[in-house]
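Keep in mind that this is a model prediction, so the values were computed, not measured. Per chain, numbering begins at 1; letters A, B, ... match sequence-line order.
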2 protein chains.
Amino acid sequence: MNERQKDILQAIINTYITTAEAVGSRTVAKKIGYILSPASVRNVMSDLEEMGYVRQPHTSAGRVPTDTGYRCYVDSLMDAYEPDPEEQHRIEQFYQAKIKQIEDFMGVSSRLLAILTRYTAIVQTPKMDTERIKRVELVPLSSEKVLVILVTNVGDVKKNVAVLPMEMTGLEIEQLARFLNDKLDTLSLADARSLLGSFLDSEDVLDERLASLALEILEEVLSEEKPRDVYLDGMENIFDQPEFRNVDLVRPVLRVLDEKVRLNTLIEWCVAESDPAEVCIRIGSENPLDDVRSCSIVASPYRIGGRTTGAVGVIGPTRMHYSRVISLVALIADKLSHVLTEMSGGE
Amino acid sequence: MNERQKDILQAIINTYITTAEAVGSRTVAKKIGYILSPASVRNVMSDLEEMGYVRQPHTSAGRVPTDTGYRCYVDSLMDAYEPDPEEQHRIEQFYQAKIKQIEDFMGVSSRLLAILTRYTAIVQTPKMDTERIKRVELVPLSSEKVLVILVTNVGDVKKNVAVLPMEMTGLEIEQLARFLNDKLDTLSLADARSLLGSFLDSEDVLDERLASLALEILEEVLSEEKPRDVYLDGMENIFDQPEFRNVDLVRPVLRVLDEKVRLNTLIEWCVAESDPAEVCIRIGSENPLDDVRSCSIVASPYRIGGRTTGAVGVIGPTRMHYSRVISLVALIADKLSHVLTEMSGGE
DNA sequence: GCTTGGCACTCTGGGCTTCAGAGTGCTAAT
DNA sequence: ATTAGCACTCTGAAGCCCAGAGTGCCAAGC
């Protein structure tokens, strides 16, 4: 692709992103400052169509970018967007509001992202298995049921009702809890599990008995089977988009947004196999779920102390203001990484 | 309103509920078994219109029920619906799946309600202040922050990060925790709060000091300020309804569903000032929020040991299959009351 | 006196045509 | 290689027509 073609593709996409209407040669000519006549522009546009970057909704309509067109745009054509200071200020202000818990923080982040981008924001809660165990509490609910509560260094809490393999007295449970706190303190969830496993072959009979009991009880809390919580905000922004005026087009998208499980897989798939330090972009047909083939997703993983532990993203039409969204997603992901790392720092 | 008018209004609404199309005199005549000619039916329909129970979308169209029409219908005309045994069985089966925690239970209930009604289900989590304190845990996160965890008899967990008014050692915090568990065990949240207050005038200086500290730390956990969690399911069912083919009509509804806070107020408003033992129905304009004036809400409070502690409901178009929805909502609310009461029973 | 068949009237919505507007592709001239 | 000119094409809004469905009213009938 030569310079001229790039310029024109860029002009087409920039225009289309704001107008949502097929872009004609005259408009492009004006946009590039009349350095070419509409007729010449037409020739180039015809080339671009052959190359698959744009298409015509019908003969004698202007051109509309294809998914490949957008791909090329985000990879090399788009202008970088730097959030203006006023916006930065607004973000900081938003975060000033009383945020003490992880949950508040997730909530504020998704709200902020939705408001600023005017698309739909998705914020995944941190994967707990990179966090470290701070405390294990066992609260007996009845003679055969006990509530297991796991507190991590981030202040995250995970809980599960476990059925005891046998009746236990309050004292025995206390003993078990002491044993657990003793052994598991500051371990990650994965490490905790394997450590308990190793105790099963222990010399100490008491340890062995306690460990087998513990494994049974902690089974579910230690595993990552349950779908992670996901914060969603700005769902109704979808309706602002002219391409979603038709109910049948919104429907599949909403079906995905309605289900936390699918939302989780979606965003995980998006940031998978990509540089963890970068914002990743999945355009329309690049997405794995058929239901969101008409959408683009801009997502970024966030980290706790260097280790990726969750992701944050935005979903909107393929005709998305990519540069702006990318910079905002990056900003929020960064903020998340910072604050969570700080939270887990222990100070 | 005489018998004949009732019969005809009933016929109109029953037909309209399934077809979503204005009902003409011929259709009604057929529906009531041709005991009256279409012409006579027309006369009655004209009366009903004057009385405000039905209206014509335009001259020479059939009749459509008004909100008052529906109100009359649910109050006295509608046939009772009894869920068939197969359905009952299906519900039980659904609840068989491993449900150990309150959260699973809420999730299953909302999913079930959405699937069975084909509308959107809303399930409020229990109000904690009727539950009783089972355990208070304090986990120091740093020298000035401590994670407060409150466990209730239902196995519900509430947590909050509290900032300590002064630096405290681990031992001191343990002492405080012991004090709290000692004093607050089996108290309701409200009672706990007032009890701590009373300690402030205590003779015992140690008690007084601890209590003032505790009050500060427990402030947020004990108060009900945070919006309760709400489970939502079957959002995309809205699109099945022909009256919501237009995006502009779905939009306001979705705006409400997107925001937990508004959802909470909505459902609370619905069950408020009504017999706690009954399913309540809010039809269209009877709703407090403008955004859901095109919807009806069928909701029912559920109880833990006789005390109302939350609500469950369904939101859909005013043209709703009321009798069916009412019986299903009642059924689920009942199930919730049962299971939660059992959970809190302490056995 | 209620009920009903008959009839004229009305409104909607789909189908058809028309037409301006926007945009293209091609060709010939520069 | 670029571009002005021109014929061609497609959309979408506007206007029109007409069948269909339904009403309201009137006068005849039980």
Side-chain angles (χ1 to χ4, degrees), chain A residues 1-9 11-16 18-66 69 242-243 245-247, chain B residues 1-9 11-16 18-66 69 242-243 245-247:
Chain A
M1 187 150 54
N2 61 37
E3 273 317 304
R4 173 176 299 180
Q5 290 170 332
K6 284 186 188 171
D7 287 350
I8 286 177
L9 180 55
I12 293 174
I13 298 188
N14 279 334
T15 312
Y16 186 69
T18 60
T19 64
E21 268 163 20
V23 186
S25 54
R26 209 204 304 278
T27 319
V28 172
K30 194 198 288 178
K31 187 101 181 175
I32 58 173
Y34 291 114
I35 51 173
L36 284 178
S37 74
S40 311
V41 171
R42 280 203 285 282
N43 292 326
V44 181
M45 285 167 99
S46 187
D47 296 345
L48 288 174
E49 182 157 16
E50 251 172 45
M51 294 188 269
Y53 294 124
V54 295
R55 62 182 185 82
Q56 286 181 288
H58 55 87
T59 15
S60 91
R63 298 316 205 284
V64 165
T66 61
E243 43 267 80
R245 290 298 305 175
N246 185 337
V247 170
Chain B
M1 189 153 50
N2 61 36
E3 274 316 304
R4 172 176 299 179
Q5 290 170 334
K6 282 186 187 172
D7 287 350
I8 286 178
L9 179 56
I12 293 174
I13 299 188
N14 278 334
T15 312
Y16 186 69
T18 61
T19 63
E21 267 164 20
V23 186
S25 55
R26 210 203 306 277
T27 320
V28 172
K30 193 199 288 178
K31 186 101 181 174
I32 58 174
Y34 290 115
I35 49 172
L36 284 179
S37 74
S40 311
V41 171
R42 282 205 282 283
N43 290 328
V44 180
M45 286 167 97
S46 184
D47 296 346
L48 289 174
E49 183 157 14
E50 249 172 47
M51 293 187 269
Y53 295 124
V54 295
R55 61 181 186 83
Q56 285 181 287
H58 55 90
T59 17
S60 91
R63 294 327 202 277
V64 164
T66 60
E243 42 266 82
R245 291 297 307 173
N246 185 337
V247 170

What is the distance, rounded to the nearest whole Å, between atom [atom1] of [X] and atom [atom2] of [N]?
X: A:Met45; N: C:dG25; atom1: CE; atom2: P; value: 9 Å
X: A:Asn43; N: C:dC26; atom1: CG; atom2: P; value: 9 Å
X: A:His58; N: D:dT11; atom1: NE2; atom2: P; value: 5 Å
X: B:Arg26; N: C:dT4; atom1: CZ; atom2: P; value: 15 Å
X: A:Ile35; N: D:dT3; atom1: CD1; atom2: C1'; value: 15 Å
X: B:Tyr34; N: C:dG5; atom1: OH; atom2: C1'; value: 15 Å
X: A:Ile8; N: C:dT24; atom1: CD1; atom2: P; value: 11 Å
X: A:Asp47; N: C:dC26; atom1: CG; atom2: P; value: 12 Å

Short side-chain to backbone donor-acceptor contact, [X] and [Y], under 3.5 Å:
X: B:Thr66; Y: B:Gly52; answer: yes
X: B:Ser46; Y: B:Arg42; answer: no
X: B:Thr15; Y: B:Ala11; answer: yes

Classify the nucleic acid contact of A:Ser40 as base, sugar-phosphate or nothing, counting any heavy atom under 4.0 Å across all strands shown.
base

Under 4.0 Å: is that the gap between some side-chain N or O of [X] and OP1 or OP2 of [N]?
X: B:Arg63; N: D:dG24; answer: yes
X: B:Ser25; N: D:dT23; answer: yes
X: B:Arg4; N: C:dT3; answer: yes

Can you tell me which nucleotide in [options] comes closest to the side chain of [X]?
X: A:Gln56; options: C:dT4, C:dC11, C:dG25; answer: C:dG25
X: A:Ala39; options: C:dT24, C:dT10, D:dT3; answer: D:dT3
X: B:Thr59; options: D:dC10, D:dG24, C:dC11; answer: C:dC11
X: B:Leu36; options: C:dT4, D:dT3, C:dT10; answer: C:dT4

I'd like to know if A:Arg63 and A:Glu49 make a salt bridge, using a cut-off of under 4.0 Å between side-chain N and carboxylate O.
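Yes, charged N to carboxylate O under 4.0 Å.
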
hbond_proxy B:Ser60 side chain to C:dT10 base (donor-acceptor, 3.5 Å cutoff)
yes

Report yes or no: is there a donor-acceptor pair, N or O only, under 3.5 Å between the side chain of B:Arg42 and the base of C:dG6?
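Yes.
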
Taking side chain as C-beta onward, heavy atoms only, is A:Val54 less than 4.5 Å from A:Met45?
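No, too far: nothing below the 4.5 Å cut-off.
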
